[in-house]
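Read the numbers this way: they start at 1 and go in the same order the structure lists the ligands and their atoms. Model, not experiment: these values are computed from the prediction.
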Amino acid sequence: MKVGFIGLGNMGAPMAANLAKDGHDVTGYDMATVTVDGVFTARTAQDAARDADVVITMLPSGDILRAVAAEVIPAMRKGAVLLDCSTVDVDSARAVASDAEAAGLLPLDAPVSGGIGGAAAGTLTFMVGGSDEAYQTALPLFETMGQKSVHCGPSGNGQAAKICNNMILGVTMIATCEAFALADKLGLDRQAMFDVVSTSSGYSWSMNAYCPAPGIGPKSPADNGYIPGFAAELMLKDLRLSQQAADASDADTPLGQAATELYRRFVEEEDGKGRDFSAMLPRFEKRGRG
Ligand code: NAD
């Protein structure tokens, strides 16, 4: 397929490289000067989008997505797919989808999980919102860039799935870390704590697959000085999006709200910036109740 790829950062560059490696004709654009193996570099976003069967965007925020979409939608040919893989607010995803539809395009919102490692290895998971026709058109690209895609319903539902998943992740990581810190104070060995919880009703992905305690469970960023992995500030971004969506839809999310505030303090007032989001454990370890 002829693919335009806009936003060649930590995630976009390896995703575009994988598409090119798989034989797609990829033209990329980034406002920073970036070159990616096998990807032709365009001078403007419009040049990357013109004549493409699918235009992929991988950008930092909803505002930037809206600005880029306003630029590229008029340049795209009718019937082409506008596939946004960024993590953005549900409202921006739906607004861009409605403008794209009005211009005769097929929009999809398809945020990813799997991080930079998943982008490089081509093992991302895509959570997809949009029409069936758009999803079927983009499916070969999802199969190249990832190992799984789930069609979650109409436009915006991919972003909805992503922020609900990550709200659960933020809350369970905090619960896992505070439980380890409590276990420490009660004199319970961390290995014993892991052995019990990972096979009991407290188990979760945070405990079983990404254990925040160094030297315990499978290898995770805790075993590497909490170098991300998934940085605490990206978790904060996703939690904020979840609370923005909860406000807009009048949903009661008290634990999501508490997790957002804890990660805000961790990133903005403590030493969380640039550390993995599981570094909440050393944070709790150091603290008392007051
Ligand atoms: P990044 O900052 O590395 O890349 C974003 C790129 O967009 C940059 O290269 C920037 O120059 C470019 N850009 C910004 N404004 C632009 C514009 N107007 N026109 C063209 N290019 C522009 O970010 P990233 O880590 O690649 O993340 C991209 C998206 O993926 C974000 O929405 C993020 O939340 C999401 N995400 C990231 C991860 C991760 O682990 N990094 C995991 C899942 C999802």
Given that the side chain starts at C-beta and the backbone is N, CA, C, O, which of these parts of [X] lies under 4.0 Å from ligand 1, counting heavy atoms, or is it both or neither?
{"X": "V68", "value": "side chain"}
{"X": "S113", "value": "neither"}
{"X": "I64", "value": "side chain"}
{"X": "K162", "value": "side chain"}

Is a donor on one side and an acceptor on the other found under 3.5 Å between the side chain of [X] and the backbone of [Y]?
{"X": "Y226", "Y": "P212", "value": "yes"}
{"X": "S200", "Y": "G202", "value": "no"}
{"X": "D109", "Y": "S155", "value": "no"}

Shortest protein contact, [atom] (heavy atom only):
{"atom": "atom 30 (O) of ligand 1", "result": "M58 CE, 3.1 Å"}
{"atom": "atom 26 (O) of ligand 1", "result": "M11 N, 2.8 Å"}
{"atom": "atom 12 (C) of ligand 1", "result": "D30 OD2, 3.3 Å"}
{"atom": "atom 15 (N) of ligand 1", "result": "M31 SD, 3.2 Å"}
{"atom": "atom 36 (N) of ligand 1", "result": "T87 OG1, 4.1 Å"}

* To do: Please lay out, stage by stage, how S149 and Y135 fare under the test side chain to side chain donor-acceptor pair (under 3.5 Å).
  => CA-CA 10 Å; S149 63; Y135 177 68; 2.7 Å; yes
* Backbone or side-chain N or O of G229 under 3.5 Å from ligand 1 N or O -> no
* Asked: Counting both backbone and side chain atoms, is some N or O of N10 under 3.5 Å from an N or O of ligand 1?
  -> yes
* Structure fact -> Nearest non-hydrogen contact to atom 5 (C) of ligand 1 from the set P228, A67, G62, P60 belongs to P60
* Given D63, I116, L59, which one has a non-hydrogen atom that is nearest to atom 29 (C) of ligand 1? -> L59
* For side chain to side chain donor-acceptor pair (under 3.5 Å), just list the numbers for T57 and D84, CA-CA rounded to whole Å, side-chain angles, deciding distance to a tenth of an Å, and then say yes or no. => CA-CA 5 Å; T57 48; D84 177 47; 2.7 Å; yes
* How would you list, by chain and number, every residue that makes a side chain to side chain donor-acceptor pair (under 3.5 Å) with Y29, sequence neighbours excluded? -> none
* Asked: Using 4.0 Å as the upper bound for N to carboxylate O, is an ion pair formed by K286 and E270?
  -> no
* Do E269 and R264 meet the salt-bridge criterion of a basic N to acidic O distance under 4.0 Å? -> yes
Sub-4.0 Å atoms of ligand 1 with respect to non-hydrogen atoms of [X]:
{"X": "K237", "value": "31 (C), 32 (O), 33 (C), 34 (O)"}
{"X": "G115", "value": "40 (O), 42 (C)"}
{"X": "S86", "value": "32 (O)"}
{"X": "L234", "value": "39 (C), 40 (O), 41 (N)"}

* Anything under 30° is parallel, anything over 60° is perpendicular, the rest tilted; go ahead and classify F142 against F126. => tilted
* Any chance the side chains of D247 and Q243 put a donor and an acceptor closer than 3.5 Å? -> no
* Any protein heavy atom < 4.0 Å from atom 2 (O) of ligand 1 -> no
